[in-house]
Amino acid sequence: MASDVQRRATLFKFQQHIATEEETVRNVVIVNLKHHRMQLPREVIVGNGVIDRVSEITRRLGFSRSALIVAGSNTNDIAGKYVRELLEKDGMSVDTLLVESATVKDVQCVEDKIRVSKPEIVFGVGGGTKIDVAKCSSGRSEIPFISVPTTASHDGIASPVSSVRGFEKPYSIMAQAPLAIIADTNIILRAPWRFAVSGYEDVIAKFTAVKDWKLAYEEKKEYYGGYAASLALMSAKYAMQNVQLMNEGNEDGLRILIEALISCGVSMSIAGSSRPCSGSEHLFGHALEMVKPNHAMHGERCGVGTIMMAYLHGANWKRIKEAIQKLGAPTNAHELGVEREDIITALELAAKMRPERFTILNKLSLDRKAYEHLAEVTEVV
Ligand SMILES: [Zn+2]
């Protein structure tokens, strides 16, 4: 990176050019501006029965010939087959590919299918994994994708990032933003309520994610987008204020949750990274999944992480814990189905997991004893 002296010298040279040649002004502007790309969804449709509008939306977006549906066997029965029927009725040629996990192999399998059948558009129909695979494979194949969530268990339904196992990184990677999101509350309400609760916790996690992002800006001069951060934070605040609506089967609560998850997804699109939505609490969540796989849902792990990271940030961790308790979600190791040792190991691992993502864990650089104290004082162990 150029030093300040070098930069000033370059600027001085440019200023001399400006004085003599007007054309150079344009070059100066280009040289000094960093490119920032925001890829946003074009259509977001939320509500009871909106799946019936899938053909109309697809056509309006300019696709009328061919589509590929990526779904799981279960989510294909719930919504995939119906989406296919509606598109075919409208004269489109539609293929379906079933995937059961989100690994590099699944992504490659969908990419192969895209290469052969050359669809105009890819639909991801399902919860986390199916949408992740559809998003990642379509992005890498440079084909747009439409998100049709059947659960609201995390912000991946609307975000430009994908969580796929088998790439060199154990966390989310940039893929592409969905061109449209069709979130039918009638379908999402039929999923187990635990999924929605997990999604709610993924929204609450933005409290500490935004704090970590700001910290990285203050300490490491990392790019910080105030607008993206505010949007993520507003979603978390709104979710906390309406936690009493999150009762099983309450459509108003579910609608708030879906809108909050979509806003979080959009905040990542604006930021150009997962920064506004994923901080130290997510690092803990990812680490715990590595230490003890398949013991809890994404939002549940991140929710417990948010309690502990809020404590480290000096924020009101008790309020966060109370909100999670109101949701009936786990707030400690026992409820998560893990051991005390798993929590401490995950905390140690979280701090080392992603060196380029500066968080409160890097700033404090705690030892094992301090992590034990953190887990004890927040009553996680
Ligand atoms: Zn998340």
Side-chain angles (χ1 to χ4, degrees), residues 34-46 57 61 68 70 102 104 106-107 110-111 114 121-149 151-165 167-183 199 202-203 205-206 209-210 212-213 222-236 258-279 282 285-286 298-299 302 354 356-357:
K34 266 193 184 163
H35 293 193
H36 185 99
R37 183 171 177 233
M38 300 181 197
Q39 196 186 37
L40 299 160
R42 202 165 120 191
E43 298 260 1
V44 178
I45 296 132
V46 182
I57 295 157
L61 289 168
L68 172 67
V70 176
V104 172
D106 295 296
V107 170
V110 179
E111 283 175 6
I114 290 172
I121 179 94
V122 173
F123 284 82
V125 181
T129 50
K130 286 67 185 181
I131 287 181
D132 275 333
V133 173
K135 192 193 296 177
C136 189
S137 52
S138 61
R140 282 157 54 109
S141 308
E142 297 183 351
I143 289 177
F145 126 90
I146 293 178
S147 171
V148 185
T151 66
S153 58
H154 63 74
D155 59 24
I157 61 172
S159 75
V161 299
S162 257
S163 174
V164 172
R165 264 179 249 162
F167 287 115
E168 64 271 34
K169 296 164 183 171
Y171 41 80
S172 304
I173 50 164
M174 282 301 281
Q176 66 168 338
L179 186 59
I181 302 150
I182 304 171
D202 200 23
V203 176
K206 303 339 172 201
V210 169
D212 281 321
W213 194 13
E222 193 185 299
Y223 163 76
Y224 176 77
Y227 184 76
S230 303
L231 186 58
L233 193 59
M234 184 191 72
S235 305
I258 294 169
E259 287 172 0
L261 290 173
I262 292 171
S263 299
C264 291
V266 168
S267 77
M268 288 185 254
S269 287
I270 294 171
S273 78
S274 63
R275 252 306 189 181
C277 295
S278 173
H282 268 70
H286 296 317
H298 172 80
C302 294
R354 201 171 172 178
E356 88 287 1
R357 179 146 292 189

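Throughout, residue positions are numbered sequentially from 1 according to the sequence presented.
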> Any heavy-atom pair between the side chains of Ser267 and Ile270 that's under 4.5 Å?
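No, too far: nothing below the 4.5 Å cut-off.
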> Return the set of residues passing salt bridge (Lys or Arg N to Asp or Glu O under 4.0 Å) with Lys135 (not counting sequence neighbours), or none when no residue passes.
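Lys135: no salt bridge (Lys or Arg N to Asp or Glu O under 4.0 Å) contacts found.
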> Between Glu222 and Arg275, is there a side-chain heavy-atom distance shorter than 4.5 Å?
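When only atoms from C-beta onward are counted, Glu222 and Arg275 do touch, with a gap below 4.5 Å.
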> Among residues at least two apart in sequence or on other chains, which ones pass side-chain hydrogen bond (donor to acceptor under 3.5 Å, both in side chains) with Gln39?
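Applying side-chain hydrogen bond (donor to acceptor under 3.5 Å, both in side chains) to Gln39 gives none.
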> Does any N or O in the side chain of Asp202 come within less than 3.5 Å of the main-chain N or O of Gly299, such that one atom is a donor and the other an acceptor?
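No.
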> Is there a donor-acceptor contact under 3.5 Å from the side chain of Ser162 to the main chain of Ala175?
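Looks like no, no N/O pair under 3.5 Å.
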> Which residues satisfy the side-chain hydrogen bond (donor to acceptor under 3.5 Å, both in side chains) test with Glu259, sequence neighbours excluded?
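Once residues adjacent in sequence are excluded, Glu259 has no partner under the side-chain hydrogen bond (donor to acceptor under 3.5 Å, both in side chains) criterion.
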> Do the non-hydrogen side-chain atoms of Asp155 and Lys206 ever get within less than 4.5 Å of each other?
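Yes, close enough: below the 4.5 Å cut-off.
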> Okay, side chain of Ser141, backbone of Ile143: is any donor-acceptor separation there less than 3.5 Å?
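Not confirmed, Ser141 side chain does not pair with Ile143 backbone.
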> Between Val164 and Val104, which heavy-atom pair has the shortest distance, and what is it?
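In terms of heavy atoms, the two residues are closest at CG1-N, 3.7 Å.
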> Ignoring hydrogens and geometry, is there a side-chain-to-backbone donor-acceptor pair from Ser147 to Ile157 under 3.5 Å?
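Flag set: sc Ser147 to bb Ile157 pair under 3.5 Å.
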> Which residue pairs satisfy the side-chain hydrogen bond (donor to acceptor under 3.5 Å, both in side chains) criterion with at least one member in residues 224-236, sequence neighbours excluded?
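For residues 224-236, and leaving out neighbouring residues, there are no side-chain hydrogen bond (donor to acceptor under 3.5 Å, both in side chains) pairs at all.
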> Only counting residues at least two apart or in another chain, list the ones meeting side-chain hydrogen bond (donor to acceptor under 3.5 Å, both in side chains) with Ser274.
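In terms of side-chain hydrogen bond (donor to acceptor under 3.5 Å, both in side chains), with neighbours along the sequence ignored, Ser274 is linked to Arg357.
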> Under the rule for side chain to side chain contact (heavy atoms under 4.5 Å, CB included), what residues qualify as partners of Ala205, not counting sequence neighbours?
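If we apply the side chain to side chain contact (heavy atoms under 4.5 Å, CB included) test to Ala205, skipping adjacent residues, the hits are Glu281, His282, Cys302, Thr306.
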> Parallel, tilted or perpendicular: which one describes the rings of Tyr223 and His36, with boundaries at 30° and 60°?
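Geometry flag for His36 against Tyr223: tilted rings.
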